[in-house]
Amino acid sequence: MPEPQGPMIVGEPSSGARADDDLLRGLNPPQRDAVTYRGQALLIVAGAGSGKTSVLTRRIASLLRNREAWPSQILAITFTNKAAGEMRERVQQLVGDSAQSMWISTFHSACVRILRREAQQFGFTKSFTIYDSGDSRALIKRLVKEHEADAFGLTPASVQGRISKLKNELADAESFARQANMSDPAERLFAEIFADYQRALQKANAFDFDDLIAQTVYLFRAFPHVADVYRRRFRHVLVDEYQDTNHAQYALIHELTRPVVGDAEPYAAGGMMIFEASEAPELEGASLTVVGDSDQSIYAFRGADIRNITEFERDFPGAKVVLLEQNYRSTQNILSAANAVIGHNFDRKDKKLWTDVGDGDPIIGFTGYSQHDEAQFVADEVEALRRKGVDYAQMAVFYRTNSQSRALEEILIRSAVPYKIMGGTKFYDRAEIKDALAYLVAVTNPADELAVRRILNKPRRGIGDVTETTIARYAADEGITFRDALANASALGVGPKIQHAISHLDAVLAEATEIMLPSSGEVAPPAAVTEGLTLLLNKSGYLDALRISKDPQDEARVENLDELVAVTREFARNNPEGTILDFLTEVALVSDADDLDDASGSVSLMTMHTAKGLEYDAVFVTGVEEDLIPHRISAGEPGGPQEERRLFYVALTRARKRLYLSLAMTRAQFGEVSVAMPSRFLQEIPHELIDWRQSPGDVNSRGGSRSRALNARRPGGGFGGSGGGGAGGSGGGRYGDDLVPLPRREKPVGSIEKFANRIPAKVRDNSDLELAPGDRIRHDDFGDGRVDMVTGEGAKRVAHVRFDSAGAKKLLIKIAPISKL
DNA sequence: GCCTACGGTTTTTTT
DNA sequence: AACCGTAGGC
C-alpha cells in the first residue's frame with residue numbers, strides 16, 4: 001500500500017502509556033489532525049486514496065495507547081465485512097491482540113449482534129432468521145399474488161423496492177398507511193401488503209436486511225434502558241463510508257451517541273419516561289468520528305442520503321472537519337482524469353486530489369468492434385502486463401452491470417488468464433445451497449414457515465401445492481405452526497404415501513434438532529453444525545436425489561454441497577464456541593466479495609460498485625458506453641447521471657499506476673446486437689491524457705458493415721495457442737478500406753505498441769486540413785511521412801500515408817493527430 | 001404431482 | 001441468451 005506507513009509497532013504496547021509519536025510518523029498535517037483531534041464530533045473528508053484507513057486505524061490505536069479508551073469501548077462501522085476485516089487486521093498490527101475485543105463490523109453485523117441479545121424484548125427470539133433479498137422477494141411474491149395486486153400494477157419487485165425504501169426512512173406499515181392516499185386502490189393494496197409482509201416476518205421470527213437496522217433503531221427508541229446499555233459501552237463510535245449511510249443508519253448512529261440521561265428505572269412497564277431538561281446528563285454522548293467523501297457516494301439508489309455528510313456540521317454543532325486531499329495511490333494522470341470527470345458534477349464542494357508521485361503512464365484507450373473484441377484487448381493487455389512483471393492479483397477489470405462479465409469470462413478462459421469474479425453470482429445464492437440452509441433454518445427457527453415450505457418438497461416427495469395448502473390450513477385451524485403440523489401427518493387427511501413422506505421429513509428434522517439444539521439443554525459441540533447438516537442432506541434424501549439424477553449439473557450441485565459442509569467444518573475450527581446461529585448469521589451477511597485473500601494469483605473481475613474501497617496497480621474500466629455508464633435507467637432519475645459520474649470516478653480512482661478505458665462499438669443485449677456510443681464521461685477527460693490504441697473514431701469510420709472482419713478471423717472454439725499469426729502483422733495496406741488494422745489479439749508476439757494509433761475521440765477536428773499526394777506530414781506517433789493519395793469525401797476523407805519509419809498507414813484525416821509540414 | 005414446451009420478460013448497482 | 005411462469009399431457 002502506498003499509504004504512508006510509519007514503522008509498524010507490533011505486539012503489546014508493553015511499556016505502559018506511550019506517546020503516539022510513532023503513530024503520526026509519515027502522516028501529513030491534516031492526517032495528524034485527524035488522528036489526534038479529541039472532541040465530540042469529527043468529520044474526516046477523505047478523498048479517494050488519501051490514506052483514510054491509515055488515519056482511522058491510527059486514531060483508534062492512539063485512543064488505546066493513550067489509555068483514553070478500552071478496546072471494548074470502541075465501535076467501528078464499515079460497509080463491508082471485508083473492510084471490517086482489513087481494519088481489524090491493521091489495528092491489530094498497531095496495538096496487538098486487544099483489537100479482538102473491539103466491535104469492528106458492518107452496520108448489519110453490529111445490529112444482528114445487538115438484536116440477538118435483545119430480541120426477546122420485543123416479540124422475537126434469539127434464533128431469528130435473516131431474510132436476504134431473495135427470501136423477502138419470495139414472501140412478497142406470495143403476498144402480491146394473494147392480494148391479486150398485479151392487476152393494479154404492483155409487481156413483486158416494485159413492492160419490494162418500495163418497502164425497502166420506506167424502511168430505510170424508518171417508516172413502518174402503520175405510518176405509511178396513515179399518510180398514504182387510501183382512496184387510490186393501488187396505494188391501499190400496497191399498504192395492506194406492506195402490513196402483511198411485516199406481520200409475516202414477525203410470525204416467522206425473521207428480519208429482512210433493512211429490518212436489521214430499522215428494528216434496532218426502534219428497539220433503542222422504545223426501550224431507552226436497553227439503548228443506554230450500549231451508550232454506556234461504546235464511548236467512541238467511528239463510521240467509515242459515511243456518505244453511503246441511509247437515514248436509518250444515520251438514526252442508529254444518533255441513538256448510539258446520545259447522552260445517557262439518567263438511570264431511568266428499567267422495564268418501566270408502560271410508564272412514560274420523563275426526562276427533565278434541566279437535569280444534567282449522567283454521561284455525555286460518545287465521541288463520533290465519521291469518514292467519507294461525497295464524491296464517492298454511489299448508493300443513493302438504496303437510500304443513501306448524501307446530506308448525512310454534507311450536513312454533518314449542522315447535525316453535530318461544533319464538529320471539527322478535516323480535509324484530506326493528498327492522494328497516495330494514483331499517478332497524476334489518473335488523478336487529472338478523475339478530477340476532470342468529477343468536476344462536471346455541479347453542486348459539489350470543489351476538492352482536487354493531487355499527488356507528488358508524478359504523471360506516470362498515459363491512460364490507455366481502446367474501442368473494440370464487439371464486447372468480445374474488447375474483452376480480447378483486456379486479456380492481451382493483462383498478459384502483456386504479466387510479462388512486464390505485474391502480478392495477476394494486482395490487476396482488476398471493472399464493469400457497470402454484472403451481465404457484462406460473461407463476455408470477459410469467455411475470453412479470459414480462452415486466453416488462460418486466471419481470474420476471479422468478486423461478488424458475482426454468489427455461492428450462497430445457489431439453489432442447492434439455499435435449500436441446505438433452509439433445512440438448517442427449519443431446525444433452528446421452526447417458526448420460519450418460508451424455510452419449511454421451501455424444503456417441503458425438496459427432494460421430490462410427491463408433496464405438491466394441494467398438500468402444502470392442506471398443511472397450512474390444518475396449522476391455522478389448530479393454531480400451531482406449519483412446522484408442528486408436520487408432526488401430525490395422520491391428521492391431515494392425505495394419502496398414506498404422502499403421509500409417510502411428511503412423517504419422514506418431520507423425523508429427520510427432529511433428529512437434526514436433537515444434534516444441533518440438544519433438548520437436554522447442554523451446549524452442542526462445535527462439530528454439531530457439520531453433523532446436523534450432513535444428517536439433513538443424507539436422511540432427507542436430498543443428496544441421493546442429486547446423485548441419481550441424470551442432469552449433468554447435479555453433479556456440480558453435489559460438489560457445492562460438499563463445499564458447504566466443508567465451510568461448516570472450517571467455521572467450527574475458527575469459532576470453537578460458534579453455534580448454529582452464529583453460522584447462519586455469518587452466511588447471511590458475508591458475501592463472496594468479502595473473501596479477498598484467495599483472489600491471489602488471479603485477476604479480479606467486479607462491478608464498479610464492488611470496487612469501492614479497493615485499489616490495484618492496473619485497472620481496466622470496460623464498457624465505457626452511453627446507456628451503460630451512465631446507465632440508461634439512471635438517466636431519467638433525478639440525480640441519476642450525477643451518481644453515475646461519481647461511480648465512474650470511483651472506478652478511475654482505484655488505479656495506482658495504469659488505467660485502461662475500453663468500450664465496444666456493438667454490444668449484444670437481450671440477445672440482440674445494438675450499436676453503442678462512447679460514454680459522455682469519456683469526453684470529459686482531457687484528450688491528451690488518453691492514448692488511444694484504437695479510438696471510437698477508428699472504429700466508426702470504417703462504415704457500418706465491415707466491423708465483423710476482426711471476429712471473422714477468430715473462429716469460435718478453435719484457434720490453437722499458436723498465436724500471433726494471421727494477417728495482422730505488418731501494418732497498413734492490405735485491408736481494403738479498413739483503416740489501420742487491429743493487431744492480432746490472440747497471442748500478441750511482438751510489441752503491441754508498434755500498432756499504436758492515437759486518435760483522440762471526438763476531440764480533434766482536422767476537417768479543414770487539405771492534403772494532396774506528395775505532401776509531407778507529421779503524425780504524433782508515427783513520425784514524418786509522405787501522402788500517397790487521398791480518398792473519400794468530407795468527414796470521411798482518408799489519407800494514405802507512407803511513413804518514413806512506421807510504414808504505410810491509412811488515416812482518417814478528420815481525427816488523426818497529424819499536421820502538415 | 002411431475003415434466004416439458006412455450007412464451008414472455010429481462011439487466012443497475014448491494015448489505 | 002437465460003430465466004421464470006404457465007399450460008397441457010402424462
Side-chain angles (χ1 to χ4, degrees), chain A residues 77-84 105-112 130-134 136-138 141 145 150 155-157 160-161 164 167-168 207-214 241 244-246 248-249 297-304 371 398-407 410 422-426 428-429 431 456-457 459-468 494-495 497-498 501 550-551 585 588-594 606-613 623 627-637 640 643-644 646-648 650-651 667-674:
Chain A
I77 294 182
T78 61
F79 258 74
T80 63
N81 296 291
K82 176 171 52 181
S105 70
T106 65
F107 272 107
H108 292 85
S109 318
C111 286
V112 170
I130 300 164
Y131 279 10
D132 67 19
S133 38
S136 84
R137 192 172 56 241
K141 198 180 273 176
K145 206 173 210 172
D150 47 337
T155 64
Q160 188 181 22
S164 172
K167 287 185 174 181
N168 288 162
F207 297 100
D208 66 19
F209 274 146
D210 301 313
D211 273 347
L212 294 178
I213 316 284
E241 308 283 13
D244 284 328
T245 50
N246 60 37
Q249 291 162 334
S297 158
I298 55 173
Y299 282 111
F301 73 91
R302 70 171 201 213
Q371 54 206 336
F398 301 159
Y399 36 81
R400 175 64 232 273
T401 67
N402 281 307
S403 61
Q404 289 168 252
S405 71
R406 283 223 169 92
E410 268 174 43
M422 314 287 282
T425 305
K426 291 177 190 131
Y428 295 106
D429 277 348
L456 191 58
N457 198 30
R460 306 251 127 87
R461 304 182 167 94
I463 304 177
D465 274 355
V466 178
T467 310
E468 186 177 332
V494 296
K497 226 172 152 181
I498 294 179
K550 280 173 295 199
D551 185 340
T585 301
L589 296 180
V590 171
S591 66
D592 285 2
D594 291 326
M606 67 192 85
T607 66
M608 298 185 190
H609 282 89
T610 308
K612 194 176 69 160
D627 291 348
L628 225 38
I629 176 83
H631 197 276
R632 174 197 312 224
I633 292 173
S634 71
E637 289 166 7
E643 173 145 322
E644 296 284 308
R646 290 194 293 269
L647 181 58
F648 189 59
V650 166
R667 193 165 286 275
Q669 236 177 164
F670 290 133
E672 273 180 12
V673 179
S674 55

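A note on names: the letters A, B, ... follow the listed sequences, proteins ahead of strands, and every chain is numbered from 1.
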Base, sugar-phosphate or nothing for [X]? Non-hydrogen atoms, less than 4.0 Å.
X	value
A:Leu647	nothing
A:Lys497	nothing
A:Thr467	sugar-phosphate

Nucleotide [N], atom [atom2] - distance to [atom1] of [X] in whole Å:
X	N	atom1	atom2	answer
A:Glu468	B:dC2	CD	P	12 Å
A:Tyr131	B:dT15	OH	C1'	18 Å
A:Glu672	B:dG8	CD	P	15 Å
A:Ile213	B:dT15	CD1	P	13 Å
A:Ile629	B:dT13	CD1	P	12 Å
A:Lys141	C:dC3	NZ	P	14 Å
A:His609	B:dT12	NE2	C1'	7 Å
A:Gln669	B:dT9	CD	P	17 Å

* Asked: Can you say whether the rings of A:Phe301 and A:His609 are parallel (under 30°), tilted (30 to 60°) or perpendicular (over 60°)?
  -> perpendicular

* Does A:Phe79 have A:Lys612 sitting over its ring (NZ/CZ under 6.0 Å from centre, angle to axis within 45°)? -> yes

* Asked: Phosphate oxygens OP1/OP2 of B:dT14: is one of them under 4.0 Å from a side-chain N or O of A:Thr610?
  -> yes

* To do: Look at A:Asn402 and B:dT14 and indicate whether a side-chain polar atom (N or O) is within less than 4.0 Å of OP1 or OP2.
  => yes

* A:Arg400 or A:Phe79: which one's nearest nucleotide on DNA chain B is closer to the 5' end? -> A:Arg400

* Structure fact -> Ranking A:Glu643 and A:Arg460 by the position along DNA chain B of their nearest nucleotide, the one closer to 5' is A:Arg460

* Asked: Minimum heavy-atom separation for A:Ala304 to A:Asp244, with atom names?
  -> CB-O, 3.5 Å

* Asked: For the residue pair A:Ser674 and A:Gln669, what are the closest heavy atoms and their distance?
  -> OG-NE2, 3.9 Å

What nucleotide among [options] has an atom nearest to a side-chain atom of [X]?
X	options	value
A:Lys145	C:dT6, B:dT12, B:dT14	C:dT6
A:Asn457	B:dT12, B:dT15, B:dC2	B:dC2
A:Thr607	B:dT13, B:dT15, B:dT11	B:dT13
A:Arg406	C:dA2, B:dT12, B:dT13	C:dA2
A:Thr106	B:dT14, B:dT10, B:dT15	B:dT15

* Is a donor-acceptor contact shorter than 3.5 angstrom present between the side chain of A:His631 and the base of B:dT12? -> no

* Asked: On a plain distance test, is the side chain of A:Ser403 in donor-acceptor contact with the base of B:dT11 below 3.5 Å?
  -> yes

* Asked: What distance separates A:Thr610 OG1 from A:Phe398 CZ, expressed to the nearest 0.5 Å?
  -> 9.5 Å

* Asked: With the threshold set at 4.0 Å, does a side-chain nitrogen-carboxylate oxygen contact exist between A:Lys167 and A:Asp208?
  -> yes

* A:Phe301-B:dT13 aromatic stacking (under 5.5 Å, under 30°) -> yes

* Asked: Quantified in whole Å, what is the C1' atom distance between nucleotide B:dT12 and nucleotide C:dG5?
  -> 24 Å

